[in-house]
Amino acid sequence: MSAAPPSSRGSWGSQFGFIMAAVGSAIGLGNMWRFPYQMAENGGAAFLILYLGMVLLVGLPILFAEFAIGRGSGKSPIDALIHFGGEKWKVLGMLFVVSGFLILAYYAVISGWLMTYTYIYLFEGSIGDPGGTFEAYSTGPIAIFTLLLFMVMTLGIVAGGVEKGIERTSVWLMPILFIVVAGMAIYAAFLSGSGPGYTYFLQPDFGDLLSLDVLASAAGQAFFSLSLGMGAMLTYASYLQRKENLPKTGLQVAGIDVGVSFVAGLMVFPLIFALGLQGQVGESTVGALFITLPQAFSEIGGFTGRFIGIVFFSALFVGALTSAISLLEVVVSTAVDTLKWTRKQASLVMGLAITAVGIPCAINLNVLTIYDTIAGEVFLIIGGLFIAIFVGWVMKDPVGELAKGMKSDRFSLQWIKVIRYVVPPLLIMALAVQVMKTIRVIAGIF
Ligand code: TRP
């Protein structure tokens with residue numbers, strides 16, 4: 001099938017393939033650790049309701065907006081923005097590319113740790129001293145090596161093309177990931193003493209919701225988790241054929257993403273509580289993922305503990321890989337369309353350039369934290385805000401574009417109102433909170 005305009009750019013082989021690729025982008029470290037953690041800390045089931053509200057009010061509308069720009073133009077982000085808005089919108093496209101660079105740079109470092117842990121469980125057995133292990137491998141030569149290895153895999157897949165590289169990988173890996181996460185959640189339910197884990201994760205506390213901080217975290221999480229605000233979904237949609245019902249597809253992608261986040265919580269906390277490690281949940285850093293859970297696996301001990309370690313870390317690795325692909329694709333598709341490079345060239349050069357940008361994170365974790373707070377939170381929200389302004393006030397006939405493939409434009413007309421009047425104020429509020437938080441985090445480091 002090559003109906004996507006212009007066909008030389010490549011296109012998805014099937015609707016299912018596109019959904020799996022988009023879900024692959026969405027599901028990643030954000031679901032498996034960041035979400036369960038935020039939910040437990042910020043009011044349990046009450047936070048879940050707030051989060052669902054944010055997904056509906058800002059996540060989905062922006063997802064539809066990115067889909068509409070991408071499919072409508074059939075171009076990579078910078079060209080797509082120029083196509084609908086003129087030269088000056090190029091700047092927003094550049095912000096997308098910079099975000100892609102910075103997010104992938106640190107994301108790949110963390111993904112490298114996942115590879116190291118999987119390797120240890122596979123070939124060396126259980127991790128007796130997770131704190132020491134993390135200390136030893138999170139920065140330094142091994143971290144740089146696994147960063148490079150991970151990036152080589154990512155760029156190899158992207159170099160393979162849209163259908164043969166990205167789609168084929170996602171169509172195989174995502175269903176495996178669903179089965180593994182669900183299987184582990186069921187396993188955790190049977191461990192004795194897991195009960196309080198559910199309480200910790202789910203117990204509603206509506207009082208927690210009243211702070212602006214929590215509201216902004218929920219918005220930020222919705223953005224990060226759905227891969228919004230930097231043109232990743234835009235780029236994926238640019239390889240779509242015209243006839244698809246975008247809102248329906250978007251709803252499926254978001255529904256699977258939220259579902260996996262939720263089930264990840266049902267896996268992580270019961271496991272930790274069953275093994276009596278609740279005292280250590282408090283460290284909110286990425287480190288907890290690499291310290292507390294391995295500790296739980298060594299408490300389980302023996303072959304079972306090791307097996308779970310392998311399964312858990314390789315599942316996370318799969319989630320991270322399919323997300324990394326989408327981050328690189330934004331940069332690569334831009335180089336292909338704007339600089340007229342070949343896909344293979346662009347994948348290699350950009351992949352290696354991003355690796356170089358990631359090396360400082362693999363040497364000093366403070367750099368990683370800075371990339372994460374600036375690009376992973378602030379840039380994405382700025383990106384989303386301008387996408388809303390672009391689609392709401394600049395782009396010609398977004399309503400018609402979204403309604404293609406639907407029976408009427410009723411839904412589309414409601415959507416554009418949300419994009420114009422609901423999304424911008426919410427994102428401005430979230431941005432203010434995130435900027436303050438970023439300043440606090442950076443001031444804390446220096
Ligand atoms: N959504 C991914 C996660 O939850 C991360 C990610 C991939 C991403 N591509 C993105 C985040 C684009 C923002 C923008 O781990």
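Since the model is a prediction, treat every value here as computed from it, not as a measurement.
- Residues Tyr187 and Phe312 place their aromatic rings such that the two centres sit no closer than 6.0 Å.
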Working for ring pair (Phe, Tyr, Trp, His ring centres under 6.0 Å), residues Tyr137 and Trp113: CA-CA 7 Å; Tyr137 297 121; Trp113 303 342; over 10 Å; no

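- Using a 4.0 Å cut-off between charged side-chain N and carboxylate O, Glu329 and Arg343 make a salt bridge.
- Arg306 forms no cation-pi arrangement with Phe297, by the criterion of a distance under 6.0 Å to the ring centre and an angle within 45° of the ring axis.
- Counting only heavy atoms from C-beta outward, the side chains of Thr249 and Ile19 approach each other to under 4.5 Å.
- Note: Tyr371 and Tyr106 have perpendicular aromatic rings, judged against thresholds of 30 and 60 degrees for the angle between ring planes.
- The shortest distance between side-chain heavy atoms of Trp415 and Val391 falls below 4.5 Å.
- Ile103 has its side chain out of reach of Asp372: every pair of non-hydrogen atoms, C-beta onward, lies at least 4.5 Å apart.
- Checked against the 6.0 Å centroid criterion, the rings of Tyr236 and Phe18 do not qualify as a close aromatic pair.
- Looking at Lys75 and Asp337, no side-chain N of the basic residue comes within less than 4.0 Å of a carboxylate O on the acidic one, giving no salt bridge.
- The number of heavy atoms from other shown groups lying within 6.0 Å of CZ (Phe390) is above 12.
- In this structure, Phe35 has its ring center closer than 6.0 angstrom to the ring center of Tyr51.
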Step by step, work out the ring pair (Phe, Tyr, Trp, His ring centres under 6.0 Å) result for Tyr119 and Phe313. CA-CA 9 Å; Tyr119 178 90; Phe313 282 103; over 10 Å; no

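- A salt bridge is absent between Glu163 and Arg9: the closest approach of a Lys/Arg side-chain nitrogen to an acidic carboxylate oxygen does not fall below 4.0 angstrom.
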